[in-house]
Structure formats: C-alpha cells, structure tokens
Enquirer: 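If you scroll down you'll find the structure; I have some questions about it.
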2 protein chains.
Amino acid sequence: MSNKKSALSETEGVSSPEMTNADAVSKIKAKRKQQRTTKDLVDAILKGNITALSQAITLIESKNLKHTDQANAIIKACLPHANTSIRIGITGVPGVGKSTFIEAFGTHLTTLNKKVAVLAVDPSSSLTKGSILGDKTRMEDLVKNKQAFIRPSASGTSLGGVARKTRETIILCEAAGFDTVIIETVGVGQSETAVHSMVDFFLLLKLAGAGDELQGIKRGIIEMADAIAINKADGDNLKRAKLAKVEFNRALHMYPTKDSDWQPKVTTCSAIDNQGIDNIWQIISDYITLTKKNNYFKNKRTEQNKFWLLQTIEEQLKNTFFNTPKIKDELKKQLDLIEANKTTPFAAADYLLSL
Amino acid sequence: MSNKKSALSETEGVSSPEMTNADAVSKIKAKRKQQRTTKDLVDAILKGNITALSQAITLIESKNLKHTDQANAIIKACLPHANTSIRIGITGVPGVGKSTFIEAFGTHLTTLNKKVAVLAVDPSSSLTKGSILGDKTRMEDLVKNKQAFIRPSASGTSLGGVARKTRETIILCEAAGFDTVIIETVGVGQSETAVHSMVDFFLLLKLAGAGDELQGIKRGIIEMADAIAINKADGDNLKRAKLAKVEFNRALHMYPTKDSDWQPKVTTCSAIDNQGIDNIWQIISDYITLTKKNNYFKNKRTEQNKFWLLQTIEEQLKNTFFNTPKIKDELKKQLDLIEANKTTPFAAADYLLSL
C-alpha cells in the first residue's frame with residue numbers, strides 16, 4: 001500500500017510519542033512522595049520549614065473537601081503554638097506605595113532580627129485580575145530574604161471566605177515562628193473592617209493631597225487607624241506631606257479617645273528613600289507596650305475571636321436562609337409590595353420567616 | 001348572742017360594700033364602648049382624629065397578640081396614605097437641650113402651618129427610669145398646640161423592638177395628616193443608627209465645649225449628621241459657639257462628599273431665645289429640595305425599607321439560633337476552647353451550626 005502513488009498513500013513516519021512522558025511521570029511521582037502526612041507537615045511547620053508552611057496554606061485555600069479536612073487538622077495541631085506574633089494591618093488606596101512600603105518596612109524588621117510574614121486580604125483578586133502581592137517582583141529584596149515569607153491573597157469572591165483563610169494562615173505562620181505578621185489590604189470596600197478585626201495594630205498609608213486630605217478614603221477608616229503614615233514624603237512633596245501631617249493631627253484629635261487609651265499618631269515617611277520607616281516601627285512598639293500593660297491587647301484578641309465566631313455563624317444562617325429557592329422568589333415579591341406601599345418591611349419579614 | 005358581753009361578741013354593723021363599684025362599672029362600660037373596631041379607627045385616623053391615633057399606637061405597643069393583629073390590620077389600611085411626611089431625626093447628649101429645642105422648632109413649624117408629630121426612640125426607657133419625652137411639661141407650649149402630637153418612646157429593652165414600633169407609628173402619624181415627623185433619640189448607644197435609618201434628615205445638637213468639640217459623641221455620629229446645630233449660643237456662650245462652628249465646619253469638610261451630594265451644614269442656635277431656629281428649618285428645606293431633585297430622597301427610603309426588612313429577618317434568625325438551649329450551653333464551652341487555643345472561631349462556628 002505504501003508504495004502506491006495516491007493521495008491516500010501513507011508514508012512511514014516516526015513512531016508517535018508515548019502518551020505519557022517518562023520524565024514528567026517521574027517528576028509527578030516524586031511530587032506525590034513529597035505530599036506529606038498531616039503529622040509530617042505539622043512537625044516541619046513547627047521547625048519553620050517554609051515549603052511545609054506553603055503546602056499547608058495551599059490545603060487551607062483548596063476547595064477540595066479532603067484538603068479542607070487535612071487543613072483543619074493541621075490548624076488544630078498548630079494552635080497551641082499560635083497567637084505569638086504582633087499582627088499589623090496596612091491599608092491605603094492604590095498608588096499610595098503599599099508594596100514599596102512593605103518592602104522597606106519588612107526589610108527593616110528583619111534587620112532587627114524579626115521573622116516577617118506578609119499576607120494579603122483582597123476578595124476581588126482572581127487569576128485574571130491579578131491580586132495584590134501577586135507581583136512579587138515589586139518586593140524583590142524581601143522575597144529573597146530568608147527571614148521573610150510572602151504569600152498573595154487567597155482568591156475568592158466572598159470576603160468572609162478570604163478573611164477566614166487569612167485568619168487560618170496567620171495561625172500557621174505563627175506556629176512556623178514568624179513573630180511579625182503584616183496583612184495588606186486595599187483601601188477600598190469592606191476588606192479593611194475584616195483586616196482591622198484580625199490585627200493588633202492598624203496602619204493607614206496616605207499621600208499628601210492638595211487640601212482635601214481625607215478624600216478618597218472610605219468613611220470610618222480614619223477612625224480605625226492607630227497610625228497614619230503619609231508616604232512619598234520626599235523631594236518636592238516633602239512640604240506638602242508635612243502640611244498634611246498637621247491637618248491629620250488636627251482631625252484625629254477631634255475624635256474621642258480610643259478604648260485602647262492610645263492617641264493615634266501621624267507621621268511622614270518615604271519608603272523609596274527608606275526615611276521614617278524605623279520611626280513607624282517605634283510607634284508600633286510603643287502601642288504594643290501600652291496595650292499589653294493595660295490589657296487591651298489581650299482583651300482585643302478575645303473580642304476578635306468572639307467577633308469571628310459570631311460573624312461566621314450569622315453569615316452561615318443568612319446564607320442558608322436567603323439561598324432557599326422559595327425565599328429567593330418571595331423576597332423579590334415582598335420588596336415590590338413594600339415599594340408599592342402594600343406591606344411594611346416588618347410584615348414582609350414576618351411573612352418570609354413563616355415560609 | 002349579740003347581747004352577751006364577751007370578747008367574742010359581735011355588734012351589728014353596716015352592710016359591707018359591694019364587691020363592684022357601680023360608678024367604676026359604668027366608667028369601664030363606657031370605656032369598652034369607646035374601643036373601636038379596626039375600620040372605625042382607620043377612618044378616624046385618616047380624618048386626623050388624635051384620640052384614634054393614640055389608641056392605635058397603644059395597640060402597636062401592646063404585648064397582647066390580639067392587639068398586635070389589630071395593629072397590623074390598621075397599619076396595612078393606613079399604608080396607602082403614609083410616606084408623605086418629612087422625617088427628621090434629632091440627637092444629642094443629655095443636657096444639650098433637646099426638649100427645649102424641639103419645643104421651639106416644633107412651634108416654629110406650626111406657625112408655618114405644618115402638622116408636627118414628635119416621637120422618640122429610647123430603648124433604655126421604662127416606667128421607673130423615665131423616658132425621653134415622658135416629661136411633657138418640658139414642652140408645655142407644644143403639648144397644648146393643636147397642630148402638634150407628642151408621643152413618648154415605646155418601652156422595651158430591645159432596640160429592634162422599639163425601632164419597629166416607632167417605624168410603625170410613623171406610618172399612622174402620616175396617615176393622620178402629620179407632614180413633619182420629628183424623631184428624638186439620645187446621643188449615646190446604638191439608637192442613633194436606628195433613627196438614622198428611619199429619617200430623611202439627621203440633625204445633631206451640640207454644645208460649645210472647650211477645645212475638644214467632638215468629645216462625648218459616639219464615633220460615626222458626626223458622619224451621619226446632615227447638619228450640626230450648636231445650641232445654647234447665647235449670652236457668655238455666644239463667642240465659644242461661634243468658634244465651635246468654625247471647628248466643626250473644618251472637621252466636616254475633611255470628610256468625603258456624601259452620597260446625597262449634600263455638604264453637611266454647621267449652624268448655631270439658642271432654643272431658649274428662639275434664635276436661629278428658622279435657619280435650621282431653611283437648611284432642612286434646602287436639603288429636601290436638593291435630594292428630591294437628584295432622587296436621593298426616594299432612593300434612600302427604598303434602601304431604608306430594604307434595610308429594615310433584612311435587619312428584621314437577620315435578627316430573628318439569630319434570636320432563634322442563639323436562644324436554642326443546646327446552643328446556649330455549647331456556645332459558652334466553645335468560647336472557652338477558643339480562649340484556651342484549642343479551637344478556632346471558624347471550627348467552633350462549624351461545630352455549633354452542625355448541632
């Protein structure tokens with residue numbers, strides 16, 4: 001057949017490649033061997049092994065229920081070794097220089113012999129949109145630093161889910177010996193409230209603007225801040241930054257004293273010139289000293305735990321209720337009836353709850 | 001027997017009084033006749049009859065389920081005639097002069113031919129503790145004014161319950177022809193948020209302090225205010241009040257623009273000297289004109305209705321869950337386990353929800 005000159009003729013060719021690539025197979029086999037048992041992972045994490053830490057965090061982030069079970073077991077085993085770090089939340093609008101700041105700040109902490117974990121909460125992040133911290137090249141020094149661990153935000157659209165994963169990741173980082181955990185978030189949306197509820201100290205990064213210093217920041221974030229750092233206080237910007245500092249100080253002094261008895265501080269810094277970074281760590285240290293002394297530090301963590309317990313239950317109760325198909329249909333109808341002045345919100349609620 | 005001299009002897013006496021007092025019986029019978037049917041009450045309310053309005057509000061406030069049913073029927077019938085008033089929330093710490101202000105402000109509105117209803121939200125009020133507005137003598141002119149209706153806060157310890165009763169009372173007042181509804185609350189606790197969620201305009205009353213102008217006001221209330229009126233701007237206080245006005249104006253300008261596009265106003269007044277009261281009504285009128293024009297007025301009411309619907313459902317779901325005896329017991333245990341680093345808030349929540 002093969003010698004016939006025809007459009008249908010076949011020429012002998014090389015044998016088709018095997019369906020499996022021997023090289024890849026051996027790599028996969030090696031990888032499977034690496035998949036450690038829960039006990040192995042916990043032991044390694046407690047010894048500060050970064051690979052084990054990363055693997056365990058991947059289990060936390062997985063949607064596979066088997067992984068979730070293993071993650072829960074690891075978290076439980078790590079818990080007695082957790083709660084040991086200082087947790088610092090950092091927020092600011094895009095463009096304020098968060099990555100550059102964390103690079104400088106984190107590096108400074110490592111020179112003080114601290115072990116620094118950098119996490120992020122960004123519910124809007126996804127593979128296509130790119131998450132904060134995803135572009136690790138923006139922190140090139142810190143990413144190479146052996147005393148630092150950088151992990152991008154868990155993906156997911158529900159803030160509750162992302163926040164839970166981050167809270168659980170903090171536990172593992174602490175068990176792995178990280179004594180300072182930085183949690184980054186963008187200064188828009190609801191994520192600051194979530195981050196504020198999982199950290200000891202909340203730092204707001206700002207830029208010196210032209211007069212309207214508090215613009216662009218969501219209401220309430222100023223009140224959450226334990227310190228405001230006006231970044232990019234360098235070159236031509238220096239004078240404006242100093243003016244902004246005065247303005248913010250005046251604004252902050254008009255608020256009532258915080259429960260922590262801490263008077264929020266305003267400072268300037270230049271992450272790119274590495275100016276004022278040490279001062280920010282000094283402010284945080286002063287805060288920790290004060291709040292450990294007056295017990296606010298411990299009480300706040302207890303309150304945070306209670307908050308997350310109740311929050312998780314409430315969200316779950318709501319999800320279950322509002323995702324019932326019957327409720328979904330009727331909710332829309334009841335809202336229309338309210339709009340048409342035919343029922344009140346209360347009568348509508350009573351009706352929906354009776355279904 | 002009666003003639004025997006003995007310690008046990010009895011002397012004839014007057015006949016003992018009847019168990020029922022004929023006069024009281026006739027009064028009770030007359031009162032029962034006054035208890036009108038739902039239709040009678042609704043008809044009377046729509047004609048602006050104050051006695052019927054008061055009776056219907058009493059039904060709303062009653063804990064008797066029969067009364068609740070009748071109240072719900074009355075509310076439903078009144079609904080098509082509701083949503084017609086301007087609803088104004090007024091808050092301020094005790095001592096700021098709320099009663100005197102409302103007396104002056106309400107009286108001014110009646111001279112503009114308005115019909116003014118004054119309600120209150122005060123979840124802490126009870127018969128023994130005395131509720132705000134309870135002492136109507138503090139508003140002696142307004143209480144006698146035929147164009148005004150003053151009703152103290154419904155009693156109750158749950159803010160949700162008190163707020164619901166007040167929201168329902170607003171409906172009846174509007175159906176009775178009141179075109180301006182003032183809702184008073186004390187400037188402490190959570191009640192301002194509830195009042196803010198049921199009014200079109202939120203007014204904060206303040207006193208000129210010494211430097212620390214924003215002290216004593218809960219965080220967030222300043223942000224809720226559509227206007228701040230510095231009261232008692234009279235006599236020796238006048239200069240300080242004017243200074244405070246400048247300070248507040250500066251503080252308010254540092255916040256981002258509100259969704260209403262309204263720039264909150266700061267003004268001074270003296271309720272006791274009747275100074276600046278007309279100006280406050282002018283501010284409110286300007287606000288109403290702006291927000292009706294840009295549709296914020298209507299959109300806000302729609303949002304408020306949705307808020308109360310969801311809020312009522314969420315509260316009910318939580319109440320049902322957390323009042324289950326099993327959950328009550330286990331919640332305490334889980335909180336202890338979290339405290340002892342033996343479980344996480346999330347694992348505890350999962351466990352409680354699985355019970």
Side-chain angles (χ1 to χ4, degrees), chain A residues 72 75-76 79-83 164 167-168 171 212-220 222-223 247-248 250-251 253-258 302 304-318 320-322 327 331 334-335 338-339 341-350 352-353, chain B residues 72 75-76 79-83 164 167-168 171 212-220 222-223 247-248 250-251 253-258 302 304-318 320-322 327 331 334-335 338-339 341-350 352-353:
Chain A
N72 286 340
I75 293 162
K76 196 167 182 182
L79 261 177
H81 311 277
N83 269 309
R164 173 180 183 150
R167 284 262 311 184
E168 292 177 338
I171 292 166
D212 49 353
E213 305 303 353
L214 307 206
Q215 292 287 350
I217 279 287
K218 232 184 94 240
R219 286 165 180 273
I222 300 278
E223 294 193 358
E247 287 283 307
F248 273 109
R250 177 150 46 203
H253 271 89
M254 295 187 96
Y255 287 114
T257 316
K258 287 195 164 198
T302 305
Q304 287 178 337
N305 281 330
K306 203 170 166 184
F307 168 83
W308 287 103
L309 170 65
L310 299 180
Q311 183 77 0
T312 309
I313 291 175
E314 286 167 24
E315 266 187 31
Q316 200 53 49
L317 289 173
K318 280 196 275 178
T320 309
F321 183 80
F322 288 110
I327 298 295
L331 179 64
Q334 290 295 316
L335 282 170
I338 294 171
E339 199 63 0
N341 265 343
K342 285 185 180 150
T343 188
T344 67
F346 305 106
D350 291 345
L352 289 169
L353 285 162
Chain B
N72 286 341
I75 293 162
K76 196 166 184 184
L79 262 177
H81 310 277
N83 268 308
R164 174 179 184 152
R167 285 263 309 184
E168 292 177 337
I171 293 167
D212 49 352
E213 305 304 354
L214 307 206
Q215 292 288 350
I217 277 288
K218 233 184 93 241
R219 289 166 178 272
I222 300 278
E223 294 193 358
E247 287 283 306
F248 272 109
R250 178 152 45 202
H253 271 89
M254 295 188 96
Y255 287 114
T257 316
K258 288 195 163 199
T302 305
Q304 286 178 338
N305 280 330
K306 204 171 166 183
F307 168 82
W308 287 103
L309 170 66
L310 299 180
Q311 183 78 0
T312 308
I313 290 175
E314 287 168 22
E315 266 187 32
Q316 199 54 49
L317 289 173
K318 281 197 275 178
T320 309
F321 183 80
F322 288 110
I327 298 296
L331 179 64
Q334 291 295 315
L335 282 170
I338 295 171
E339 199 62 1
N341 265 345
K342 285 183 181 151
T343 187
T344 66
F346 306 106
D350 291 346
L352 289 170
L353 286 161

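Residue numbering restarts at 1 for every chain, and letters A, B, ... go by the order of the sequence lines.
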Enquirer: Is any side-chain heavy atom of I313(B) closer than 4.5 Å to a side-chain heavy atom of F322(A)?
Expert: yes
Enquirer: Check each atom of F346(A) against the heavy atoms of chain B and say whether the ones under 4.5 Å are side chain, backbone, both or neither.
Expert: both
Enquirer: Looking at D350(A), I171(A), L310(A), which makes the most heavy-atom pairs under 4.5 Å with chain B?
Expert: D350(A)
Enquirer: Identify which of Q316(A), R250(A), Q334(A) forms the greatest number of heavy-atom pairs closer than 4.5 Å to chain B.
Expert: R250(A)
Enquirer: Heavy-atom distance under 4.5 Å between the side chains of E314(A) and E314(B), does that happen here?
Expert: no
Enquirer: If you count heavy-atom pairs under 4.5 Å with chain B, which of N305(A), I75(A), L79(A) comes out on top?
Expert: L79(A)
Enquirer: How long is the straight-line distance from NE2 of H81(B) back to CG of N341(A), given to the nearest 0.5 Å?
Expert: 10.0 Å
Enquirer: Side chain, backbone, both or neither: which part of K306(A) has a heavy atom under 4.5 Å from chain B?
Expert: both
Enquirer: Starting at OG1 of T320(A), measure out to CG of L353(B) and round the result to the nearest 0.5 Å.
Expert: 7.5 Å
Enquirer: Which region of N72(A), side chain (C-beta onward) or backbone (N, CA, C, O), has a non-hydrogen atom less than 4.5 Å from a non-hydrogen atom of chain B, or is it both or neither?
Expert: neither
Enquirer: Please report the closest heavy-atom contact between E223(A) and E223(B), naming both atoms and the distance.
Expert: OE2-OE2, 4.3 Å
Enquirer: Could you tell me which non-hydrogen atom of L309(B) sits nearest to which non-hydrogen atom of A348(A), and how far apart they are?
Expert: CD1-CB, 3.6 Å
Enquirer: Within this structure, what is the CD1-CD distance for the pair I338(A) and Q304(B), rounded to the nearest 0.5 Å?
Expert: 12.5 Å
Enquirer: Which is it for T344(A) and E168(B) under the side chain to side chain donor-acceptor pair (under 3.5 Å) test, yes or no, and what are the steps along the way?
Expert: CA-CA 8 Å; T344(A) 67; E168(B) 292 177 337; 4.8 Å; no
Enquirer: Nearest 0.5 Å, what's the CG-OG1 distance between L335(A) and T302(B)?
Expert: 10.0 Å
Enquirer: Do you know the tightest heavy-atom contact between A347(A) and R164(B)?
Expert: N-NH2, 4.3 Å
